[in-house]
Amino acid sequence: MKKRSGTYPRVRVQGGGRGVVSQAGGVLLVETARQAGLDVALSVALAPWRKPRAVHDPGKALLDLALAVALGGDCLSDVAMSGGPRSEVRQRVWQLAGAAAPNSGGEVIVDIDGVLVLAHSEKQDAAATWKKTFGHHPLLAFVDHGPEGSGEPVAGMLRPGNAGSNTAADHIAVARQALDQLPKNHRRGRRTLIRTDSGGGTHEFLNWLTARGRWLSYSVGMVITEQIHQAVLLVPKTAWTPAVEPDGTVRDGAWVAELAGDPLKGWPKGMRLIVRKERPHPGAQLRITDADGMRITCFATNTTKIPIAALELRHRQRARAEDRIRAARDTGLRNLPLHNAAQNRIWLEIVQIALDLLAWMPMLTLTGAARRWEPKCLRLRLFSAAAQLVTTGRSRWLRLANHWPWIQVITTAFARLQTLPNPG
């Protein structure tokens with residue numbers, strides 16, 4: 001009789017193992033927080049909240065929660081005051097990152113976008129959304145790390161589900177918070193670019209961005225009004241320029257042109273209005289604002305001396321904000337776990353700290369494709385690695401399994417963190 005062998009080997013299970021650590025790769029986030037000085041900064045900032053005989057440090061408790069969320073937790077059991085420390089720590093991290101920092105090219109790009117967070121129970125400020133769902137409509141801002149990296153959150157505003165997409169006051173408030181998170185030399189001036197979809201295309205917001213003493217650069221989506229629609233119909237064929245791809249090649253079936261005249265009246269001085277027409281994707285429905293069978297989009301910018309095709313590509317790359325929002329959903333923002341709005345605002349701060357760590361660690365330690373790994377990928381390949389905790393020679397060692405496919409990535413990343421100068 002032939003002996004059968006199963007697909008998986010049979011094992012016996014019992015307790016009693018010692019020194020075994022799960023989620024051992026999470027030490028990369030702990031060390032990132034330590035080397036960035038985030039642990040000390042939070043402790044100092046929250047020291048006034050600590051009672052005289054309290055055992056636990058409020059700053060460490062907040063950081064513990066953020067680490068738990070970064071590792072995949074999504075409620076408080078998995079374990080608004082942190083803005084100042086995050087700004088100071090962010091500046092240090094960017095200095096340590098050098099050429100990998102988002103401001104290494106001299107410009108910082110901040111993307112502002114809204115996200116719908118569904119609520120499955122009655123929570124304060126939860127309301128019907130424009131997508132006929134129920135929940136909240138936070139407005140978030142992210143610093144873009146470019147094609148070589150990911151991005152990091154710099155502002156977040158918790159809003160009711162029925163908050164408008166183009167509320168100028170909310171965009172201004174989030175932009176203020178975002179600028180406060182940047183190094184001082186990027187809080188005003190053309191070296192900082194604010195990018196939004198058409199929700200930011202309002203007179204009030206653009207006037208604020210270009211106000212005297214602020215002089216920020218912008219690339220803001222605009223709603224196709226009847227005036228813009230008629231102006232597009234008058235653009236001659238010779239005025240259309242082929243759109244381009246990131247590698248410089250021509251984008252098939254897409255063209256860009258710049259509008260002048262009446263559509264610019266009443267808007268800030270120096271504003272440029274650039275339209276793009278593109279053949280719709282198969283099955284896509286044309287809108288009433290489209291023209292000649294082409295999908296029409298439009299954005300405004302005050303950037304000069306750059307070809308309009310390059311400006312259109314830069315604005316199109318705002319789509320990377322959608323990747324940042326997906327990462328936020330995977331890091332605690334899929335739902336707001338508490339009932340009170342003030343508590344959920346604190347939860348939003350915790351999510352941002354977690355996302356900071358998930359952006360800073362790759363920026364400081366990873367290269368190539370690994371630097372673009374999203375939170376789910378980081379958790380599967382790096383953080384979920386198991387290890388044995390061994391104490392020998394008055395030192396504690398975390399011994400990772402040699403057969404783990406990404407062991408070299410983990411050990412190299414940890415070694416790079418160890419070479420960074422300790423925070424003062």
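Predicted model only: the values in this text are computed from it and were never measured. Positions are given from 1, in the same order as the sequence printed here.
Residues satisfying the side chain to side chain donor-acceptor pair (under 3.5 Å) test with Gln317, not counting sequence neighbours, are none. Not counting sequence neighbours, the partners of Trp94 by the side chain to side chain donor-acceptor pair (under 3.5 Å) test are Glu152. Residues satisfying the salt bridge (charged side-chain N to carboxylate O under 4.0 Å, His left out) test with Asp111, not counting sequence neighbours, are Arg195. Residues passing the side-chain contact (heavy atoms from CB on, under 4.5 Å) test with Glu278 are Arg251, Ala254, Arg276, sequence neighbours excluded. Not a single side chain to side chain donor-acceptor pair (under 3.5 Å) links Ser165 to another residue, sequence neighbours left out. Scanning for side chain to side chain donor-acceptor pair (under 3.5 Å) contacts around Asn185 gives an empty result, with sequence neighbours left out. Legend: residues meeting side-chain contact (heavy atoms from CB on, under 4.5 Å) with Ala119, ordered by chain and number and at least two apart, are Lys123, Ala126, Phe134.
Sequence neighbours left out, not one pair with a member in residues 20-44 passes ring pair (Phe, Tyr, Trp, His ring centres under 6.0 Å). Sorted by first and then second residue, the ring pair (Phe, Tyr, Trp, His ring centres under 6.0 Å) pairs with a member in residues 166-193 read His171-Phe205; sequence neighbours excluded. Pairs of residues two or more places apart, or lying in two chains, that qualify as salt bridge (Lys or Arg N to Asp or Glu O under 4.0 Å) and include a residue from residues 254-271 are Glu258-Arg272, Asp262-Lys265. Sorted by first and then second residue, the salt bridge (Lys or Arg N to Asp or Glu O under 4.0 Å) pairs involving residues 164-176 (not counting sequence neighbours) are Arg159-Asp170.
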Do any side-chain atoms of residues 364-374 form donor-acceptor pairs under 3.5 angstrom with protein atoms, and if so which ones, sequence neighbours left out?
| unit_1 | atom_1 | unit_2 | atom_2 | d |
| --- | --- | --- | --- | --- |
| Thr365 | OG1 | Met361 | O | 2.7 |
| Arg371 | NH2 | Ala100 | O | 3.0 |
| Glu374 | OE1 | Arg326 | NE | 3.1 |
| Glu374 | OE2 | Arg326 | NH2 | 2.6 |

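In summary, Glu245 and Arg316 engage in a salt bridge, as defined by a charged side-chain N under 4.0 Å from a carboxylate O.
Both cation-pi conditions hold for Arg214 and Trp208: the charged atom is under 6.0 angstrom from the six-membered ring centre and inside a 45 degree cone around its axis.
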